[in-house]
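Reviewing the structure listed below.
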Number of protein chains: 4
Amino acid sequence: MTPTTPVTSERPATRSTPRATTMKAIVKAKSGPGAEVRDVPVPTCGPGELLLKVKRAGVCGTDLHIYEWDRWSQGRLKPPVTLGHEFVGEVIERGAGVIEFSVGDRVSCESHIVCQHCTACRTGNAHVCPNTRILGVDVNGGFAEMVTVPAVNAWKAPANVPIEVAAIMEPCGNAVHTAFAGPLSGCHIAVTGCGPIGLFAIGVARAAGAARVFASDVSPYRLDLARKMHADAVIDVSRGGFVEKVMELTQGQGLDGVLEMSGNPVAVRDGLAALRNGGRISLLGLPKESFELDWNRLVIFKGVTIHGIIGRRMYETWYQMDHLLASGRLDIRPAITHVMPMQEFDQAIALLRSGNAGKVVLVPWGENG
Amino acid sequence: MTPTTPVTSERPATRSTPRATTMKAIVKAKSGPGAEVRDVPVPTCGPGELLLKVKRAGVCGTDLHIYEWDRWSQGRLKPPVTLGHEFVGEVIERGAGVIEFSVGDRVSCESHIVCQHCTACRTGNAHVCPNTRILGVDVNGGFAEMVTVPAVNAWKAPANVPIEVAAIMEPCGNAVHTAFAGPLSGCHIAVTGCGPIGLFAIGVARAAGAARVFASDVSPYRLDLARKMHADAVIDVSRGGFVEKVMELTQGQGLDGVLEMSGNPVAVRDGLAALRNGGRISLLGLPKESFELDWNRLVIFKGVTIHGIIGRRMYETWYQMDHLLASGRLDIRPAITHVMPMQEFDQAIALLRSGNAGKVVLVPWGENG
Amino acid sequence: MTPTTPVTSERPATRSTPRATTMKAIVKAKSGPGAEVRDVPVPTCGPGELLLKVKRAGVCGTDLHIYEWDRWSQGRLKPPVTLGHEFVGEVIERGAGVIEFSVGDRVSCESHIVCQHCTACRTGNAHVCPNTRILGVDVNGGFAEMVTVPAVNAWKAPANVPIEVAAIMEPCGNAVHTAFAGPLSGCHIAVTGCGPIGLFAIGVARAAGAARVFASDVSPYRLDLARKMHADAVIDVSRGGFVEKVMELTQGQGLDGVLEMSGNPVAVRDGLAALRNGGRISLLGLPKESFELDWNRLVIFKGVTIHGIIGRRMYETWYQMDHLLASGRLDIRPAITHVMPMQEFDQAIALLRSGNAGKVVLVPWGENG
Amino acid sequence: MTPTTPVTSERPATRSTPRATTMKAIVKAKSGPGAEVRDVPVPTCGPGELLLKVKRAGVCGTDLHIYEWDRWSQGRLKPPVTLGHEFVGEVIERGAGVIEFSVGDRVSCESHIVCQHCTACRTGNAHVCPNTRILGVDVNGGFAEMVTVPAVNAWKAPANVPIEVAAIMEPCGNAVHTAFAGPLSGCHIAVTGCGPIGLFAIGVARAAGAARVFASDVSPYRLDLARKMHADAVIDVSRGGFVEKVMELTQGQGLDGVLEMSGNPVAVRDGLAALRNGGRISLLGLPKESFELDWNRLVIFKGVTIHGIIGRRMYETWYQMDHLLASGRLDIRPAITHVMPMQEFDQAIALLRSGNAGKVVLVPWGENG
């Protein structure tokens, strides 16, 4: 990870600075693969909103899907849209009615813009609001010099958290949400799939006092990152053997919980098979297509609980994550493998495609990366 | 339902009664379909055990599977074994060390004999003990004049509960366990599959204050029983349409919970589709084979929780059920459609096969049915 | 209870109606006991607000305290302020940005106006927001012809709920919140204190499938209302004996839960003593002063859980209550003993003081009570 | 802490060893202060029991109360009784029917012998069984060369846990039970009272990922031990100031949870005052007498939850503790300040009285301390 310029050296912007009317952004300009650097208008800042100068942004697997224009993207995106749903920025303007932030604040952002009126929103389940719009997917996001966000989506990043980490609180929150969906302390936990969110989840489970955390993947590169995140054991499943290995590591007791980050049907089935009776599996990884289970053997006879997980609890997950990061209990820096200029977005995508990357963080134009 | 002879007219047996050495029983005598009435030795009553004079016994779908000698039965049963895992009896002898029951007590029985030593047993999860042996499956059961059970498995049936109901507390407990796996009060609940356990579940959900309880099945006979159990609406899914009907009944809000009793893949998928985001589905019905799901659409994006349910919480479920039955909040009598002599077991099996039966209760030899 | 004019006969107001600039209201005009009918300006309707034509309003014990100008009132209220925090009204104007309500909607109101920015508000615990302002206490309330409320505080009352009931969803929500703080279904529950909220709580516990609900008070009048709410047993504690009576009613098992509505130290201590080990007591009643407990005997050795309860979960409690009321599972009409014109507020206060009243509902000027 | 002779050097006893018929023990021989070393018969080993050669035993505050013959002791103990309820021993004989342990096993013991028949025992709440008998209080305990315990109370100590730690799993379990009664991970937690259980609780909260753990006491000696257990801050409350200090340490946010280990009324009140709204306080410390609270301000208006805590969840707490100790996440060795011969019991009591001791561990006659 490239050394970070100290936070204190960043000169706070103020409203008195004459501001440009256009800016650079990574834009999905039209249907079809790819994305391009474009000059676009600087976004306006309406009531209840914040205008941010973007400092760092994370690249997500979803960005890769959008770049490649997969079926999901084709059905969801309405180009042109500025990409980027993981980022940290500095407040340079606040809209009417915003009192809880000041110009100069360093804020990370929840990417789900929710309706606030539905049953889910009104009962503490805004993360499954059916009317959710996502920054960088449905509305313009943070792969840009500036971005506008609802103030309610902004989170003041703890002062002692490095700026690259502050940029990726959104995906880190996925890991916190998944991990905290069931018991961790004193438990035997496996994380299946060691992409960035899996790597974060290893750290979260360790921080929350899991007795042992096992991590599985097929990639030696990712398993090496899992070791750097202090997994107690890593399991190379390129030739199978997950269940046997877990049973060996737990003296036949099995797992208390599985945090499923791969979306791989084999990982789900093996995760269920390796659970002790009464255990839980929390599914965040998105399978590419429907797949089948032996429900009797893997779910019903075992009395297992399966959680579908999406987003972050708003904003309970953010409090938990903030406290874990600020206290130093959770350190996700080993999962950040690349910091690079935002204009090299194509190379970032290529890196992700290669599989030889953890989290890739982008530095916008004019920021000192 | 045939009128029941009042409980008070049953003369309590005592140890001084000279006891026969053989008795009648329904026995799976050998591998292959069928079961037969046999004269077998009266079981002995060891330390910690109770010898019961069986008063009534329920026939379960599992008994049908055993009768038909399906694949599961072939792998599990070791003939000869006396069938019957739902029954009520009168204590006629208690083994050494048993203090909590007296001769003459009317007891219903938990069918799972658990090891008491494993992690599950030692942490309040005995219902998923991996060493479970089941009465009437792995050890001799209650389709007989007498049966021996561990005292720890016996439950003093509330005095005001009819004897046919006391006989089927085991399957009723399945319904209580499934229903109480998530919130019910003030909720919109669907029960998918109106066999006996589904019918009981309708009653449990109503008793627990579910705002509305919907019941689905393909059989007009069973839907009629669902109405008798006071389902707020019944849904005939013989031509599909479950999701649309639920959405209409809930003004598009969807369900808070599904109690899945059918094991039918379509019911599981439709149940998930009809859940509101963040809802739960509790699976008790056993699918015949593996089946697939669109996990993204039905589970992950919706933030749904899936419970695999087996048995009854030992013995929390029994307390809950006892209180609901004894207080009259739960009345499952409409689900009992037939009471017949135990020697007519073949006819009982035929009834179950026909689908035109709710719960069938058997009256042993010499009992006044 | 006075028969209610059918909802459909109420002519919906529209913005085209020329509106008066002053209106009648019950105002705490200055420090000291009493309250008075005053002509005050019709409130304005700002962004995110609703202007309501008040249809009915409930009188609360808190209103009595304010009237009597007790120490709490002296420290909290800043006269002049229009009283009234329980009411239902018809939307006659909606402020800028309000989309989820229409003119003509019949809405009941959450009385807690919360900050939406603090940790409590951001983690689903807005009911304990430390920045709460209360309608009719800190800002002008609903004892008036019209009232302005934040749209986020409004709740569309179910169409089939009588208007007097819709008026008192706020205190009914206190009962729902208290009752749902722990298990109810299949439980033995006592409600200590049969003022209006205690009476509602009896209904809620019954609706949620409590096996038996016991209600205690010192007033024969209130115990009679408890019977009308279908308490399974009422306990006159004017000469003590609560614990003994509960033990007799539960065959020595004790209670699973106590819903404490009286604020009486004896009720709290007796409630704890009558709990089974591991039970819960949920405290809503406000004690007049500090009081002591034998913590070892009543709390620690018993492994009891004590909940402090305030307000309503926003808005989970409202959903639960809405479903219970709309489905008819919960009927709180027997607790409404008086419906009277709002200008007779002094008499309403006298009624409350006498103790010979359940819930008193007021009918504003010009409404047909 | 005195270095421990490796476990492997301990020669396993076998039944073939000719065994003495009397042994040394610390006995409360008669009513009144004190305790004495006596020769007593070696206990027999009945069905379902284990006979243990005691290896180490911990001295508890309760032992001090019994020694001093306080009012509680006078009402509870029936001399003569061998004291000692915290100990580890080696299995030297197993009674009839015991299959889950072998001669030579090193076992720590749950001190609560429960009835297994009551509602509490049958619903996973055996820790509040009203029929509990306690080792070393109601039946002969482990301050002796040998002790008999029910096999169900024995816990195979993890092989890598030092024998002095294995001796005090019982009080460590109190800390685990208290801490795990509410959320810890990412939370701000205070432990009030730094006796041994408080010290263990600091370690448990840290292991479970509490963001910050604060510890308070009036004794510099104990606060120093709290630092050694890695409390993030220690608060000397000998001149008050707890609430102010906590608010300063948490930037005014307050605590998410308080683990109350002192039984001091001021600690309880200050703990409640320092909680954020909606927080929890878990009470294990036993107050000397009744005390009062301002319930409105400290409990009800804040929506706080209070837990009475006793014993350990049987045996969920033991699994959690076992995993935390075996994995090294929890290390309670700094809380063990003295290891001394059992015959010096009077000196051990004097040490406890002085306040200048953490946990004191005793080495029985003939063991190598």
Side-chain angles (χ1 to χ4, degrees), chain A residues 72 118-121 123-132 177-178 181-182 188 250 252-254 256 260 263 265 268-269 272 275-313, chain B residues 72 118-121 123-132 177-178 181-182 188 250 252-254 256 260 263 265 268-269 272 275-313:
Chain A
W72 171 83
C118 70
T119 306
C121 283
T123 57
N125 293 297
H127 59 294
V128 286
C129 166
N131 309 312
T132 299
H177 183 191
T178 310
H188 293 149
T250 61
Q253 291 294 307
D256 298 293
E260 210 302 296
V268 175
R269 285 189 211 113
L272 285 163
L275 276 181
R276 66 163 171 76
N277 286 1
R280 63 112 173 189
I281 184 168
S282 302
L283 308 176
L284 185 86
L286 296 175
K288 286 211 177 59
E289 47 199 347
S290 295
F291 66 88
E292 66 175 26
L293 280 190
D294 179 346
W295 292 85
N296 293 352
R297 185 175 62 87
L298 294 176
V299 179
I300 299 176
F301 291 152
K302 298 186 75 162
V304 157
T305 297
I306 302 175
H307 304 116
I309 307 282
I310 185 163
R312 296 139 296 279
R313 291 205 157 266
Chain B
W72 171 82
C118 69
T119 305
C121 283
T123 57
N125 292 298
H127 59 294
V128 285
C129 166
N131 309 311
T132 299
H177 183 191
T178 309
H188 293 149
T250 61
Q253 291 293 307
D256 297 294
E260 209 303 294
V268 175
R269 285 189 211 112
L272 285 163
L275 277 181
R276 67 163 171 76
N277 286 2
R280 63 113 172 187
I281 185 169
S282 302
L283 307 176
L284 185 87
L286 296 175
K288 285 212 179 58
E289 46 198 349
S290 295
F291 66 88
E292 67 175 25
L293 280 191
D294 179 346
W295 292 85
N296 293 352
R297 185 175 61 88
L298 294 176
V299 180
I300 299 177
F301 291 152
K302 296 186 76 161
V304 157
T305 297
I306 302 174
H307 305 115
I309 308 281
I310 186 163
R312 295 140 298 278
R313 290 207 156 264

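Throughout, protein chains are lettered first and strands after them, A, B, ... in sequence-line order, and every chain is numbered starting at 1.
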Which portion of L284(A) sits near chain B, non-hydrogen atoms under 4.5 angstrom: backbone
Non-hydrogen atoms of C129(A) and N277(B) that approach each other most closely: C-ND2, 4.5 Å
Closest approach of N131(A) to C118(A) (non-hydrogen atoms, all atoms of both residues): ND2-CB, 4.1 Å
Under 4.5 Å from any heavy atom of chain A - which part of N125(B): neither
Shortest non-hydrogen separation from I310(A) to V128(A) and the atoms involved: CG2-CG1, 3.6 Å
Part of L293(B) within contact of chain A (heavy atom distance under 4.5 Å): both
Parallel, tilted or perpendicular, as decided by the 30° and 60° cut-offs, for the rings of W295(A) and F291(B): parallel
Option in N296(A), V299(A), I309(A) with maximal non-hydrogen atom pairs under 4.5 Å from chain B: N296(A)
Positive for side chain to side chain contact (heavy atoms under 4.5 Å, CB included) with H307(B), one of R280(B), H177(B), E260(B): R280(B)
Contacting moiety of T305(A), where chain B heavy atoms sit under 4.5 Å: both
Which atoms of I281(B) approach chain A - backbone, side chain, both or neither, heavy atom under 4.5 Å: neither
